[in-house]
4 protein chains.
Amino acid sequence: MIQKRPKYKQIIDAAVIAIAENGYHQTQVSKIAKQAGVADGTIYLYFKNKDDILVSLFQEKMGNFIEKIEDEIKTKQTASEKLYFLIEKHFSLLAEDHHLAIVTQLELRQSNKELRIRINQVLKGYFNVLDKILTSGKETGEFREGLDLRLARQMVFGTIDEIATTWVMNDQKYNITEQAMKVHELIVYGFIHQS
Amino acid sequence: MIQKRPKYKQIIDAAVIAIAENGYHQTQVSKIAKQAGVADGTIYLYFKNKDDILVSLFQEKMGNFIEKIEDEIKTKQTASEKLYFLIEKHFSLLAEDHHLAIVTQLELRQSNKELRIRINQVLKGYFNVLDKILTSGKETGEFREGLDLRLARQMVFGTIDEIATTWVMNDQKYNITEQAMKVHELIVYGFIHQS
Amino acid sequence: MIQKRPKYKQIIDAAVIAIAENGYHQTQVSKIAKQAGVADGTIYLYFKNKDDILVSLFQEKMGNFIEKIEDEIKTKQTASEKLYFLIEKHFSLLAEDHHLAIVTQLELRQSNKELRIRINQVLKGYFNVLDKILTSGKETGEFREGLDLRLARQMVFGTIDEIATTWVMNDQKYNITEQAMKVHELIVYGFIHQS
Amino acid sequence: MIQKRPKYKQIIDAAVIAIAENGYHQTQVSKIAKQAGVADGTIYLYFKNKDDILVSLFQEKMGNFIEKIEDEIKTKQTASEKLYFLIEKHFSLLAEDHHLAIVTQLELRQSNKELRIRINQVLKGYFNVLDKILTSGKETGEFREGLDLRLARQMVFGTIDEIATTWVMNDQKYNITEQAMKVHELIVYGFIHQS
DNA sequence: CATGAATGAGCCTTCATTCAT
DNA sequence: CATGAATGAAGGCTCATTCAT
């Protein structure tokens, strides 16, 4: 099959590398173009502006991830298993793409309010998956009835995100995927339960 | 008593307001100067550069907060109480200063790697407080023995931070301080325990 | 034939005029751009920075002059004739370009050490021509054997330069080219010889 | 005797050092003040502005030199002797004050037109001395009758100046005072005469 | 006379974006 | 579709100078 919009992906991938290696504000559009092997102007045939590259990149990578997760998660039985699976896959995604991890955890944050709104649009898909897991957990009785959906969702995402960011800031020195089990345990059982 | 470094605090406070209202990158140094009622050049008598204002602001505000917390927390008996106190005070801090909340949760993130390292220096104080609480909880048996200090700390901070950020992005429409109890419960008991 | 690097020369010529009329420090880059009929940013496609314009200008104008002189001087027989030719042409160069004279004799001096080193690189070509003339004069016996090459070269250049500078500072009121004969005589015969 | 205007000289001397070591444009007024051990504002009690320091410095140092020369030169008999004495003393002045040499030969040139006019005022004294020597030489028959006073004066000054500048730019590596004899010879006898 | 904190005018340079080819 | 030369807006920072003490 012929690649759809080959230059689009080419530019996205170039942007991930360039931004990860130089930082968003230090990455000129011309640098991305060079890395992608296209002319500066070509970028603007595929993206509205520089910010759009950053968002599109996130949409592409994180969107794909969410879709995949949503599919695969159906094979898991319990809400707890689903949650573990999500955590593990999220960490794996970052661990497998060194550059993406930097862009996602550090560079993406350097965006203005407008950008962050579009980024949150993408995250909505992630939050939906989480909500489904939590709701199903409540329905089956795995999770307690009174569990506040919004707070729980924010706890899960906030925890995963913070752990990932710290890991990236420590130059990804340790194996983050290995921690999925303990993180899952911490979220589900809190500080008290003896596991 | 004569105010210590009145211009310094004057500029910090002006910066909080200006940056909260316009965004960091949209806030020219001259705008901060105007808001502070000083000349542009005066800024540079107290701060190395524009970025330094942002970090100093955080050092000043968050540093003070951490010191105060550290003191007050000693009056609390159990680790659980201490943790609740921290969460409640953190939310209160943001709820009480509309502008600071925006700067802390949104604008501060738009900083490059170097800045973030200095910000993390400040957060170390926060993390130390958290570690002390967690350790004391483990010692008294309130928290389980196997609790991973680092992960637990990251969970607490990640959760608080994410909840605060979402609240700010929703224009601080609801009362965040009220949620302290439920957040505390969620962290300590996880998804399962019936409280 | 298509002009080679038309914008480059365009900017150089604009810079000569603008700097001559306003002085180097009073000539903003935007002023040069306007004079050249290009955008400010275009300057930086051809020059590293403002200082680079000044040096490049000198390289271009003086470099061309030296090359031309080197060629034409070969047609002259004696060292004395060659020397006269050089002096006369040097004065002519300045007399024919009012603006260039100002820039060369006055504005170019307002440069820092780094710049002056690059300027001296260009002058090396000039000094080489001088050295060749002096050496040939010594070989043919026109000039005395004991003549110190370095000092003689510095005397010739220093004399020409000082006379040119004074002429420029006096608003180029008199005809400098006419003086070539007497200057040549002074240099070759000194204060004593009756010519 | 109580020093007259001790701070004035203090600042002048500080300026010579600071400017020699950092370059004129890199020497902030505050740097001169610090070097002089006075407050920034004090500078302006003695000098109109920054440029005025540079000119005053030159007036002080070169003015003194010219006065001294004018006196001492009277003891010399012939015009040639007088000229030699001048050259030798000029070189000595620079050789004896490393910093002054840099300021005089390099930094002083980085001045705008207005400054240079005031500098030339000081040099008029120098030129007068030269003119007297040359005129007397012509009267006694030492120098040829047709000698153009203005050109001869410019040749002497241009030669000395160029030799001094080159010496400074070469980091004053060799002994310049030693060259006085050969320079004198070159000026008086030109390229031809066998000395 | 002396201080030094405060002033504020001024400009080089970058770089996202455009558009003629 | 693709190019890349040209554009031009925009602002952080310096530092000579002032003046209240």
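Residue numbers begin at 1 in each chain, while the letters A, B, ... track the order of the sequences.
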For B:Arg118, is there an ion pair with B:Asp51 - N to carboxylate O distance below 4.0 angstrom?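 Judged by the 4.0 Å cut-off on N to carboxylate O distance, B:Asp51 and B:Arg118 do not form a salt bridge.
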Considering only NZ, NE, NH1 and NH2 on the basic side and carboxylate oxygens on the acidic side, decide whether C:Asp40 and C:Lys31 come within less than 4.0 Å.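 Salt bridge: no.
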Report yes if at least one side-chain N or O of D:Lys50 is closer than 4.0 Å to OP1 or OP2 of F:dC15; otherwise report no.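 Indeed not, no polar side-chain atom of D:Lys50 lies that close.
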Between A:Lys7 and F:dA2, does any side-chain N or O lie under 4.0 Å from OP1 or OP2?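 Yes, within the criterion.
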Looking at A:Tyr44, is A:Lys50 sitting on its ring face, NZ or CZ under 6.0 Å from the six-membered ring centre and within 45 degrees of the normal?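 Output no; distance or angle outside limits.
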Which comes earlier along DNA chain F counting from the 5' end, the contact point of D:Lys48 or that of C:Thr42, where each point is its nearest nucleotide?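 Residue closer to the 5' terminus by nearest nucleotide: C:Thr42.
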Which comes earlier along DNA chain F counting from the 5' end, the contact point of B:Gly41 or that of A:Leu45, where each point is its nearest nucleotide?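 Its nearest nucleotide being more 5', the pick is A:Leu45.
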If you assign C:Asp40 and B:Val38 each to the DNA chain E nucleotide with the nearest heavy atom, which residue ends up on the more 5' nucleotide?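 Final value for this comparison: B:Val38.
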Can you say whether the rings of B:Tyr8 and B:Phe47 are parallel (under 30°), tilted (30 to 60°) or perpendicular (over 60°)?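 Plane angle under 30°, so parallel.
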Rounding to an integer number of Å, can you tell me how far D:His25 NE2 sits from F:dC13 P?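 So the NE2-P distance, D:His25 to F:dC13, works out to 23 Å.
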Could you check how far CG of C:Asp51 sits from C1' of E:dT13, rounded to whole Å?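 These atoms are roughly 13 Å apart.
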Heavy atoms under 4.0 Å, any strand shown: does C:Tyr46 hit a base, just sugar-phosphate, or nothing?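 Answer is sugar-phosphate: C:Tyr46 comes under 4.0 Å of backbone atoms only.
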So D:Ile32 and D:Val38, do their side chains get closer than 4.5 Å, heavy atoms only?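 No, their side chains stay 4.5 Å or more apart.
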A:Asp161 side chain to A:Gln105 side chain, donor-acceptor N/O pair below 3.5 angstrom: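 Looking only at side-chain atoms, A:Gln105 and A:Asp161 do form a donor-acceptor pair, the distance falling under 3.5 Å.
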For DNA chain E, report each stem as range with range, ordered by first number, or say none. Use Watson-Crick or G-U wobble pairs under 3.5 Å, at least 3 in a row.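 So the stems come out as E:2-21 with F:2-21.
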